Amino acid sequence: MSRVPVPLYTAEQIRNRVAELAISLDGRFPAGATPHFVAVLSGSFMFLADLVRAMPRPVTIDFVRMQSYGSGSTTSGTPRLLHGPSSDLRDRHIVIVEDIVDTGLTLQTLRQNLIAARPRSLDTVTLLDKPARRRTDVPVDLVGFRIPNRFVVGYGLDHNEEHRHLPYLAVIGA
Ligand code: 5GP
């Protein structure tokens, strides 16, 4: 697999799309409501930071950590919630902020955990969606970019902890 990242979406394309997502997301909540964003570590940290700054209303945030892929680029085992959330989700408008939905199994596990906390509503926004690899029909409300089955890095996403810092999205192994 080539380790050289090949650009996929520029920083400007990402910025424009994140602004659109923020407006769409804002429209899902009643006036005066303060949605609570639950971001999945570590890949979504950059997306979360840009998304909250693009939101036209105040939001609160929390983080969860799911079992990761480890050092490879293929999925392994059943996902588990390893850490968080550390806030009370009951009666809140929750927004799961994901970097990428691939098989959908991670999101499905997370949703089950958060639903158990009895939120008022539960939406999911993901920066990237790889529908070709889906193994469950978990609902995804808002998608930044729908992409083919490629391994993506940059803008928070890593491969063996590399490339997270890139301000753009790129493909490796192309
Ligand atoms: P899923 O459970 O939907 O298969 O996997 C979701 C998680 O797998 C993502 O949150 C991410 O950590 C990882 N993942 C899936 N595809 C990619 C990819 O193309 N690039 C990177 N960096 N991570 C990925």
Side-chain angles (χ1 to χ4, degrees), residues 1-11 13-15 17-18 21-22 25 36-52 61-86 89 94-117 122-174:
M1 187 196 273
S2 163
R3 296 288 184 250
V4 180
V6 178
L8 180 65
Y9 292 106
T10 65
Q13 286 174 311
I14 297 168
R15 191 161 48 247
R17 187 67 189 122
V18 169
L21 289 174
L25 206 47
H36 190 51
F37 285 16
V38 176
V40 185
L41 290 169
S42 299
S44 68
F45 82 95
M46 228 179 253
F47 178 41
L48 175 77
D50 286 343
L51 188 63
V52 297
I61 62 165
D62 196 358
F63 295 94
V64 292
R65 185 175 291 282
M66 303 296 292
Q67 184 188 44
S68 79
Y69 279 9
S71 58
S73 56
T74 53
T75 191
S76 63
T78 308
R80 269 193 318 133
L81 179 61
L82 296 180
H83 172 79
S86 55
L89 308 187
I94 304 299
V95 178
I96 296 174
V97 180
E98 260 285 21
D99 51 355
I100 183 163
V101 181
D102 186 17
T103 64
L105 296 175
T106 303
L107 178 60
Q108 187 176 49
T109 300
L110 179 58
R111 275 181 54 87
Q112 284 162 358
N113 276 274
L114 300 191
I115 285 168
L122 183 59
D123 289 275
T124 298
V125 58
T126 185
L127 178 67
L128 299 168
D129 181 20
K130 269 198 246 184
R133 301 231 321 149
R134 198 71 95 255
R135 286 168 55 190
T136 172
D137 65 351
V138 64
V140 181
D141 302 286
L142 290 170
V143 173
F145 301 103
R146 208 154 264 134
I147 58 167
N149 185 16
R150 294 280 161 72
F151 199 80
V152 179
V153 295
Y155 195 67
L157 287 90
D158 76 311
H159 182 259
N160 295 343
E161 293 303 326
E162 281 187 75
H163 309 306
R164 271 196 214 285
H165 65 287
L166 296 173
Y168 56 91
L169 285 159
V171 169
I172 57 173

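Below, each value reflects all heavy atoms present in this structure, side chains not excepted, and no hydrogens, waters or symmetry copies. The structure presented is a predicted model; accordingly, all values stated were derived computationally and were not measured. Residues take their numbers from the sequence shown, with the count starting at 1. Start at 1 and go down the list; that is how both ligands and their atoms are numbered.
L107 does not count as a contact of ligand 1, since none of its heavy atoms falls under 4.0 Å from the ligand. At least one heavy atom of G104 sits less than 4.0 Å from an atom of ligand 1. Residue contact check for ligand 1: V153 places no non-hydrogen atom closer than 4.0 Å to it. Residue contact check for ligand 1: R150 places a non-hydrogen atom closer than 4.0 Å to it. Note on ligand 1: K130 sits in its first shell, one or more heavy atoms being nearer than 4.0 Å. Heavy atoms of V40 come nearer than 4.0 angstrom to ligand 1 in no pair at all.
Within ligand 1, counting atoms from 1 as listed, the ones closer than 4.0 Å to a heavy atom of T103 are 1 (P), 2 (O), 3 (O), 4 (O). Near L157, with a cut-off below 4.0 Å to any heavy atom, the atoms of ligand 1 are 20 (N), 21 (C), 22 (N). Taking a cut-off of under 4.0 Å to the non-hydrogen atoms of D158, the atoms of ligand 1 that pass are 21 (C), 22 (N).
At a threshold of 4.5 Å between non-hydrogen side-chain atoms, the residues H83 and V64 do not count as touching.
Only the side chain of E98 comes within contact range of ligand 1, with a heavy atom under 4.0 Å; no backbone atom does.
Put simply, the side chain of D62 gets close to the backbone of S86: a donor and an acceptor are under 3.5 Å apart. A donor-acceptor pair under 3.5 Å is formed between the side chain of R17 and the backbone N or O of V143. At least one donor-acceptor pair under 3.5 Å links the side chain of R134 to the backbone N or O of D102. For the pair D141 (side chain) and T124 (backbone), a donor-acceptor distance under 3.5 Å is present. Side chain of T10 to backbone of Q13: a donor-acceptor contact under 3.5 angstrom is found.
Below 3.5 Å of separation, one finds no N or O of H159 facing any N or O of ligand 1. Here's the thing with V152: one of its N/O atoms is less than 3.5 angstrom from an N/O atom of ligand 1.
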* Stepwise, does the side chain to side chain contact (heavy atoms under 4.5 Å, CB included) test hold for I14 with L169? -> CA-CA 8 Å; I14 297 168; L169 285 159; 3.9 Å; yes
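The heavy atom nearest to atom 15 (C) of ligand 1, considering only L169, D102, N149, is found in D102.
Taking the six-membered ring where tryptophan is involved, the planes of F145 and Y9 are essentially parallel, since the angle between them stays under 30° and well short of 60°.
Other residues, nucleotides and ligands place more than 12 heavy atoms under 6.0 Å from the CG atom of N149.
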